[in-house]
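Here the structure comes first, spelled out in C-alpha cells, and everything after it is commentary.
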Amino acid sequence: MDVMGDMVNLFETGRFVQPSGREEAGDEAQEAADEAAEEIRRRLAAEAGDVEAMSVLGAMLLRRGDLDGAESHLRAATAAGDRAAANNLGVLLHQRGYADEAAGWWRIAAVAGSCAAAHALGRHFRERGDEPAAEYWLRQSAEQGHVLGAYALADLLEHRGDRAGAERWMRAAAERGHREAAYRLARALDRRAGRDLDGDGGAGVVRSATERTPRTGRAEGSEEAEQWYRQAAARGHRRAALHLGAILERRGELKEAGRWYLTSAKDGEPRAACALGFLLRDAGDAESAAVWWLRAAQNGDGNAANALGALHAERGEPQTAERWYRAALDAGDDNGAYNLGLLCAEQGRTAQAEQWYRRAAYAGHREAANALAILLLRGGDAVGAEPWFSKAAEAGSVDAAFNLGILHAGRGEDAAALRWYERAAAAGHTEAALQVGMARLRDGDEPEAERFLRCAAGGGSPEAAYRLATLLDARRPPAPAHELGGPAQEKTECEEWYERAASQGHRRAQVRVGMLAAARGDVVEAARWYREAAEAGSRNGAFNLGLLLAREGSEPEAVVWWRRAADAGHGRAALRLALVYARRGELDEGQRWADRAVSLGPREVAERAARLRDALRQELSA
C-alpha cells in the first residue's frame with residue numbers, strides 16, 4: 001500500500017508540511033470543514049484496522065503539528081508495512097530531534113521504493129558529511145523521478161565540481177517545475193557563456209548614478225538561459241525576475257524589463273528596486289526613481305544609496321548627498337567612499353577628498369585610485385601619483401592608462417607614453433587614440449596614423465577630425481578653379497572632417513572650412529566660418545575675414561578685424577593696417593603698424609614692412 005509520501009509528499013516545501021496560505025477565507029473555512037470530516041472518517045477506518053487510513057491520519061496530524069497523535073498512527077501503519085508511513089515517521093522523528101532514528105525509518109521506506117524517503121535519507125547523510133552515501137540515496141530518488149531528489153543531487157554534484165552531472169540533474173529538476181533549479185540552471189548557462197556579470201549572485205545590473213545601460217541585441221546563446229529565468233520568475237522566484245529584467249533591459253525591451261523588476265522588487269528584492277529606479281530615471285521620472293532607490297537603500301542596497309546621494313548632489317543638497325554616500329559605504333559599497341571623495345573635491349575639501357579616495361582605492365576601486373593619483377599630481381607629488389595610476393590602469397581603468405601616458409610624455413619618455421596611450425586607445429579612449437595617431441604621423445606611418453585618427457575622430461575628438469582632414473587633404477589632387485555660374489563641386493571626405501571639427505569649435509578647422517568655401521566662391525559661408533573662428537580668438541580667422549570684407553568693399557569693417565588679428569600677433573594683419581593708413585595719409589599710424597609688422601614677421605612680411613616703414617619715414621622727414 002503506497003498512499004502517503006508519494007501522493008501527499010511531505011517534502012514539497014522541505015522537511016515540514018506547511019499550509020499554503022493562498023486560499024480565500026471562505027475556501028479556507030470550507031477546507032477546514034472538509035478536513036475535519038475526512039479526519040473523522042479516517043479515524044473510524046483506522047480504529048477498524050485500515051492501514052491506509054492509519055497512514056493518512058498520521059500524515060494529517062503531522063501536518064497539523066500534533067506529533068503525539070500522529071506518532072501512534074504512523075508507527076501502527078509502518079508496522080503493517082506501509083512505506084509512506086515509514087517515511088512520514090522519519091519526518092516526525094527528525095522534527096523531534098531524533099535524526100538517527102529518523103534515518104532508520106527513511107532507509108526502510110527507501111528500500112521499499114519510496115523516492116521521497118530516499119531524498120530525505122540522502123539529505124541526512126549530506127548533513128552528516130557522508131557524501132558518498134548522500135549521493136547514492138539522492139541518485140536513487142532522482143532516478144525515480146523525484147524532483148527534490150534531482151535538485152539535491154545536482155546541488156551535491158555542483159559542490160564537488162562535477163558541472164556536467166550537476167547541469168544534467170538541475171535540468172531534470174527544472175523540467176519538472178522546480179523554480180530554484182530553473183534559476184540555478186540559468187545562472188550556470190550564463191556563467192558558461194561568460195555572462196556572469198556580477199559573480200556574486202546579482203543580476204549584472206549594477207550601475208553608477210550617471211551611467212546608462214547600453215542597449216544591445218540578444219547575446220549569443222542567451223535564449224536558453226532566458227527561458228529558465230522566465231520559468232523560475234513565473235513561479236515567483238524574485239532573483240530570477242531580477243535577472244530576467246536585466247536581460248530584457250540590455251536588449252532594449254524596457255517595458256517588460258520594468259514589469260519584472262517591479263515584480264521582484266515587490267517580493268522584497270532590493271537590487272530589483274534599485275534597477276527599477278535606474279530605469280525610471282532614464283525615462284525622466286526622477287521622483288519615482290527616488291522612491292524605489294529609497295526602498296532599496298533602506299533594505300541595505302549600497303548602489304541605491306549611492307544613486308540617492310548623486311540625486312541629492314545634483315539638486316544642490318550636499319549634506320543629504322553625503323549622508324547617503326556614507327550609508328552606501330556602511331552597506332559595503334566602495335563607491336560610497338569614491339563618491340564622498342568626489343563630493344569633497346568639488347567643495348574644495350582636498351584633504352578629506354584624498355582620505356576618501358585612499359579608502360576606496362585600498363579597497364580596489366580603480367577609479368578612486370585614478371582620482372587619488374590626479375589629486376597627488378596636482379599637488380606636485382608626481383612620485384606618489386605614479387603607483388596609483390599604475391594600480392588603476394592594471395585594474396582596467398582606461399583613464400588611468402591615458403594619464404600614465406601623459407605622465408611619461410611629460411618626462412620625455414615617449415616610448416613608455418606611447419605604450420600606455422596604445423593600451424587606452426585599444427579600450428576606446430578617444431584622446432589616447434589621438435595621441436597614438438599623432439605619434440604615428442611623426443614616425444611617417446600614415447596608414448596607422450589614419451586608423452587611429454579615424455577612431456579618435458569618430459569618438460568625438462575635434463582635433464582628431466582636423467588632423468585626419470589635413471592628412472586626407474594632403475593626398476588629394478588640386479581642385480580645379482571654380483568658375484562663376486558653374487555647378488558646385490561635391491564636398492570631399494576631408495572637407496566633411498574639417499566641417500565636423502569646425503562644428504565642434506575647432507578654430508583652425510573653422511578657418512580651413514572658410515578657405516574652402518571661399519575657393520568654391522561661397523562668400524557668405526566663408527564669412528560665417530571666418531567670423532566664428534575670429535570671435536573664438538583665431539587671429540587667422542580675423543585676418544581672413546578682413547581680407548574677405550575688403551574684397552567686398554567693406555574696408556572699415558575689415559580694419560576692425562585686422563586690428564584684432566594684429567593685436568593677437570598676426571604680422572600680415574599689421575602690414576595690411578600699415579598699408580591702409582599709408583593710403584589714407586595717416587603716416588604716423590602707418591609707420592607704427594609697419595614697425596609692428598617688422599617685429600611680428602614672418603621674414604617676407606618683415607622685409608616688406610621694413611621697406612614701407614622706411615618710405616613713410618622719408619615722407620615724414622621731407
Side-chain angles (χ1 to χ4, degrees), residues 208-211 302 305-306 309-310 313-314 316 318-319 321-330 332-439 442 452 456 459-461 463-464:
S208 72
T210 56
E211 177 190 358
N306 271 317
E314 289 172 3
Q319 291 182 331
E322 184 170 343
R323 179 168 65 84
W324 282 113
Y325 288 149
R326 288 181 182 274
L329 189 58
D330 291 341
D333 192 324
D334 298 326
N335 279 310
Y338 173 58
N339 288 331
L340 281 166
L342 292 174
L343 191 66
C344 291
E346 287 173 3
Q347 296 172 343
R349 297 151 59 192
T350 306
Q352 289 174 286
E354 181 179 342
Q355 169 194 345
W356 289 116
Y357 286 149
R358 282 189 185 277
R359 179 165 179 175
Y362 278 121
H365 195 293
R366 65 191 187 191
E367 297 309 326
N370 180 55
L372 174 60
I374 292 172
L375 202 66
L376 294 171
L377 192 61
R378 287 175 178 167
D381 186 4
V383 175
E386 185 173 356
W388 287 110
F389 276 138
S390 296
K391 183 173 182 179
E394 294 297 342
S397 171
V398 181
D399 288 335
F402 177 66
N403 289 335
L404 270 175
I406 294 174
L407 196 65
H408 285 290
R411 297 173 182 166
E413 300 165 357
D414 293 340
L418 184 58
R419 283 197 300 272
W420 285 109
Y421 286 146
E422 286 175 339
R423 182 165 176 173
H429 195 287
T430 297
E431 292 303 313
L434 170 62
Q435 293 301 322
V436 176
M438 296 293 291
R442 288 192 295 271
F452 280 100
S461 168
E463 181 66 23

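Just so we're clear, the structure is a prediction, and the values are computed from it rather than from any experiment.
Evaluation of the side-chain hydrogen bond (donor to acceptor under 3.5 Å, both in side chains) rule for R358 yields E354 as partners, not counting sequence neighbours. In this structure, the side-chain hydrogen bond (donor to acceptor under 3.5 Å, both in side chains) partners of D399, at least two apart in sequence or on a different chain, are H429. Residues satisfying the salt bridge (Lys or Arg N to Asp or Glu O under 4.0 Å) test with E463, not counting sequence neighbours, are R467, R508. Evaluation of the side chain to side chain contact (heavy atoms under 4.5 Å, CB included) rule for P318 yields L343, Q347 as partners, not counting sequence neighbours. For R411, the salt bridge (Lys or Arg N to Asp or Glu O under 4.0 Å) criterion is met by E386, E413, not counting sequence neighbours. A search for side chain to side chain contact (heavy atoms under 4.5 Å, CB included) contacts involving A353 returns C344, A345, Y357, L375, not counting sequence neighbours. Residues forming a side chain to side chain contact (heavy atoms under 4.5 Å, CB included) with A328 (at least two apart in sequence, or on another chain): A305, N306, D333. The side chain to side chain contact (heavy atoms under 4.5 Å, CB included) test applied to D330 returns no partner, not counting sequence neighbours. Here R349 pairs with E322 under the salt bridge (Lys or Arg N to Asp or Glu O under 4.0 Å) rule; sequence neighbours left out.
The shortest non-hydrogen separation linking A425 to F452 is CB-CE2, 4.1 Å. For the residue pair T430 and A456, the shortest heavy atom distance occurs at CG2-O, 3.2 Å. Closest of all the heavy-atom pairs between A427 and V398 is CB-CG2, 3.5 Å.
Atom CG of D334 sits about 7.0 Å away from atom CG of L329, to the nearest 0.5 Å.
In this structure, the side chain of Y325 engages the main chain of A310 through a donor-acceptor pair within 3.5 Å.
None of L404, L434, D414, I406 except one satisfies the side chain to side chain contact (heavy atoms under 4.5 Å, CB included) rule with Y421; the exception is I406.
A salt bridge (Lys or Arg N to Asp or Glu O under 4.0 Å) check over residues 415-432, counting only residues at least two apart or in different chains, returns the pairs E394-R423, E422-R440. Evaluation of the ring pair (Phe, Tyr, Trp, His ring centres under 6.0 Å) test over residues 359-387, restricted to residues two or more places apart or in two chains, returns Y338-H365, Y362-W388.
Using a 4.5 Å cut-off on side-chain heavy atoms (C-beta onward), R359 and L340 make no contact.
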Could you pull out every donor-acceptor pair under 3.5 Å between side chains of residues 366-373 and any protein atom, sequence neighbours left out?
residue: R366; atom: NH1; partner: A395; partner atom: O; Å: 3.2
residue: E367; atom: OE1; partner: S397; partner atom: OG; Å: 3.4
residue: E367; atom: OE2; partner: S397; partner atom: OG; Å: 3.1
residue: N370; atom: OD1; partner: N403; partner atom: ND2; Å: 2.9

